[in-house]
Asks: 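Attaching a single structure in structure tokens format; questions to follow.
Naming: A, B, ... by sequence-line order, numbering from 1 per chain.
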Amino acid sequence: MENNIPTVYDPQAVEDKWYRFWEENRLFHAEAAAAGDPYSIVIPPPNVTGQLHMGHAMDNTLQDILIRFRRMQGYNTLWMPGCDHAGIATQIKVEEALAQEGKSRYDLGRDEFIERIWEWKAQYGDRIVNQLKRLGASCDWERERFTMDEGCSKAVREVFVSLHEAGLIYQGHRITNWCVRCNTALSDIEVEHEEKPGHLYHVRYPIAGSDGEYITVATTRPETILGDTAVAVHPEDARYRHLIGRFALLPVVGRQLPIIADDYVDPAFGTGAVKITPAHDPNDFEMGLRHQLPQIIVMNPDGTMSAETGKYAGMDRNVCRKALVQDLKDQGLLVKIDEHAHAVGHCQRCGTVVEPLVSKQWFVKMQPLAEPALKAVTSGQVEFVPDRFTKIYTNWMENIRDWCISRQIWWGHRIPAWYCQCGEVTVSREDLTACPHCGGPVEQDADVLDTWFSSGLWPFSTMGWPEKTPELDKYYPTSVLVTGYDIIFFWVARMMMMGLRFGQDIPFRHVFIHGLVRDSEGRKMSKSLGNGIDPLEVIDKYGADTLRFMLVTGNTPGNDMRFYWERVESSRNFANKIWNASRFMLMNLEGFDPAHRPDPALYTLADRWILSRYHRTVAEVTRNMERFELGEAARLLYEFLWNEFCDWYIELAKARLYDKENAAPRAVAQHVLHQVLAHTLELLHPFMPFITEAIWQHLPHDGISIMKARWPQENAECICPADEQAMTTVMETIKAIRNMRAEVNVPPGKKSPVILQVTDAALRPVLTDNIAYLVTLAAAESVEIIGGDAVKPENAMTAVVSGVEVYLPLKGLIDVEKETARLQKELAGLEKELARVAGKLSNESFVAKAPPEVIAKEKAKEAEYREKHAAIRERVAYLETL
RNA sequence: GGGGUUAUAGCUCAGUUGGUUAGAGCGCUUCGUUGACAUCGAAGAGGUCUGCGGUUCGAGUCCGCCUAACCCCACCA
């Protein structure tokens, strides 16, 4: 039928072709009005100017597997694609490009800078999409969305205004995390804390109006001394009680600081006295409010010291620290510097040390939103896979704090608030040109929203919300969200809150969490380490199917995996194995009529065996897919296809396939070969879409694409343990012969006679029927089957499989001593097992309490071992007489 | 300070409601160009499942504790 297929699978030759075919035939497209229960996934939107990395490759492979699986099962399947504008990340990129020209965003001005970013998006916005296509992602590209497109922007504004109307968005002067490099406020989770060795500076503050009296405070950030407005001690601290109500003199500056008492102070830490800097420390900020302390801002947004700091004004914060410490030393006020490890916050995006400082920002009040989001998970309405992430999620939700959503950057959704000179701030769905209160001119808030604000709306904004759309109706809530554990708080949690409030329902039923792809040493792949592996490189070299298979096997949900080229190669080999098994089939389908179903009576044991194994595989693979155990499903397919179908069935079928004189048996073999392989390819399709499509298209088929093939169904009637058992005996007999031949180095070309002494009468016909296999697969010259009571052959090697003693008369090749040793070793193993089983069976509690089928199994084992043992012992005894 | 993950063959990992002589890939040893595949085939070597205790007739699997590594969360200056 097909003889011109290359012996090595070449992904490059088929991938582009079939992807185009799928797209041209709109096979990824979903219609809300079409039949079928909905199954939907929204893609975690990658950064629009980003590039596909290994994490994306894994994340999207998992999604594509689920989508393709459900599509084949007949669901009305939507995979919604799109990109994220990724505020700070994208802005940094464009700023870096600008820096190449020696410019900053301020040189361009806001409008021109934003225009520049849109140009970037136009230039690179397709790249990530094209990379996802190379991976094989079956997204409905006709629906592609962008977090800053018109629809999503409308959703953002609607949500902002609604939350504001509900009193859940407010503006406030509060202490927030500030990145001096990005020049913007950050939310708490955008700050990464790293425990680092630092210093604890002990500084003397003289007591006002005293003679040489002082109080010593300890601080890790001496430059903030300039913003101190009090010194606090614990009210019960006997060392300092007499000082409460008096004043200390701020070193260098000379300002008078009240000494106050507050429970917050831990007498055991440092000196038990704390300097209070309300504008630059979250705790001090709170304490400042309690004691009505003034806030003195000593640092500018760019990290230099403010005009408030006198001679230090304009210095970088780090320079100031050194200068100030020197000044304290000079004045004899620096008592000591202790080594002190403490957590320092860094900007997630640029790594700069973050400063807590007071500024005016917009916040979302989280408690009321978190409550339903928490309940949806604790009630089981939304399930995390694996389950352990439930706890991480709920713990965060229970301790949630308000979310700072305003960013002082330019790329993003502008906050829909307008300021008027009359003092009114108006939040509006429509752009304002005049103040609704006084009619005066208004100016829109300069800030934009945190990127995650719009991402949080993704499951419903992409479906057309706030409009009522058929998509929203059909596909929301989505079926599953697939993402890494690193963005559970950033994204999953926000989608839960927003979805429940604005989508009127949970955003997804399952959250399928996967781990990170690390390098071969277990390190995170990162640009700075230069240890990243480009998925495109893997696809170029080995093909997308290979990459996908490698990414989905060998690990379990939620756990990290390491990238090894050896594993890529092993997946590649599997693809090649599939290719060649298919080649074999295609080369042997001559005269095959798929419509003709052979008489089941003509099926051989091998046929019934592989069909039984196949149907078991269907059931197990489907079960594992439904439970998100994709790696296990893939492993089962690998083992079935390679170890059973290729290693055995193809070999067992060859004789019939090659014998063109006997049409009927040949047709049966063709039928089974085709049926099992074609359907196994269907099972494999979600994992390896390209190669399975390429082969499927060569086969006789109905329908346009394997993508649209019906997912295989298990037929329990085809599962036959007796046939499996019988076939196992035949295979074990073959293996036993091969083993003995290898043991004494029989040349591969040299055939030898085989004598089988069958002790289990039921096995006699099985072996008699399958003698041909021993000839072809075990190099048997002749096979003689003798009864259990017959005289045992002499001068032969011996092996025992269940119910069959296998004798290999190898005159001249047998070294009696070696053979005895080999059998003795076998005996020792059997004795050990026999002792174990006998021990179990003689244990009264076991016999009384274990389930009957377990006991029966153990008894059967015991009988088998006994029989084998007896046979081998007899053999050893015989050898010893020689 | 809380919480979590991991510990199984030389390496990387599976082992899913507790019950087979604990598996795979890579690596290693020996052999193999017979018409699917050397990106292959055949035969092998290699593990007291981190340690201790508990539950159970039975534990790699469930429960404690120990050790080690990693991760997340947390406003002790």
Asks: Identify which one of A/Y542, A/F687, A/F549 satisfies the ring-ring contact (aromatic ring centres under 6.0 Å, His included) criterion when paired with A/F574.
Replies: A/F549
Asks: Any base atoms under 4.0 Å from A/H342, or only sugar-phosphate, or nothing? Heavy atoms, all strands.
Replies: sugar-phosphate
Asks: May I ask you to evaluate whether A/H340 reaches the phosphate of B/A77, defined as a side-chain N or O under 4.0 Å from OP1 or OP2?
Replies: yes
Asks: Can you name the atoms? Protein N/O to nucleotides 7-18 of chain B N/O, anything below 3.5 Å, with the distance.
Replies:
residue	atom	partner	partner atom	Å
B/C13	OP1	A/R562	NE	3.3
B/C13	O3'	A/G554	O	3.4
B/C13	O2'	A/G554	O	2.7
B/A14	OP1	A/T556	N	3.4
B/A14	OP1	A/T556	OG1	2.8
B/A14	O2'	A/E632	OE1	3.4
B/U16	O2'	A/R627	NH2	3.4
B/U16	O2	A/R627	NH1	3.1
B/U16	O2	A/R627	NH2	3.0
B/U16	O4	A/E632	OE1	3.4
B/U16	O4	A/E632	OE2	2.0

Asks: Is it true that atom CD of A/E844 has more than 12 heavy atoms of other residues, nucleotides or ligands lying nearer than 6.0 Å?
Replies: no
Asks: From the list B/G4, B/A77, B/U20, which nucleotide is the closest neighbour of the side chain of A/R836?
Replies: B/U20
Asks: Which of parallel (below 30°), tilted (30 to 60°) and perpendicular (above 60°) describes A/F269 and A/H340?
Replies: perpendicular
Asks: Evaluate the criterion side-chain hydrogen bond (donor to acceptor under 3.5 Å, both in side chains) for residue pair A/E831 and A/H869; output intermediate values, then yes/no.
Replies: CA-CA 8 Å; A/E831 275 157 22; A/H869 188 264; 2.8 Å; yes
Asks: Quick one: what's the B/S/- string for nucleotides 32-45 of chain B, heavy-atom cutoff under 4.0 Å, read 5' to 3'?
Replies: S---BB-BSSSSS-
Asks: Could you pick out which residue, A/T271 or A/K868, lies toward the 5' side of RNA chain B when each is mapped onto its nearest nucleotide?
Replies: A/K868
Asks: Only distances under 3.5 Å count here; give the side-chain donor-acceptor pairs of residues 851-859 of chain A to other protein atoms, sequence neighbours excluded, each with its distance to 0.1 Å.
Replies:
residue	atom	partner	partner atom	Å
A/E858	OE2	A/K840	NZ	3.3
A/E858	OE2	A/K861	NZ	3.1

Asks: Would you sort out whether A/E194 and A/V353 count as a side-chain contact (heavy atoms from CB on, under 4.5 Å), showing the intermediate values?
Replies: CA-CA 10 Å; A/E194 200 185 339; A/V353 172; over 6 Å; no
Asks: Using a cut-off of less than 4.0 Å, is there contact between a side-chain N or O of A/K391 and OP1 or OP2 of B/G4?
Replies: yes
Asks: Is any side-chain heavy atom of A/Y9 less than 4.5 Å from a side-chain heavy atom of A/N580?
Replies: no
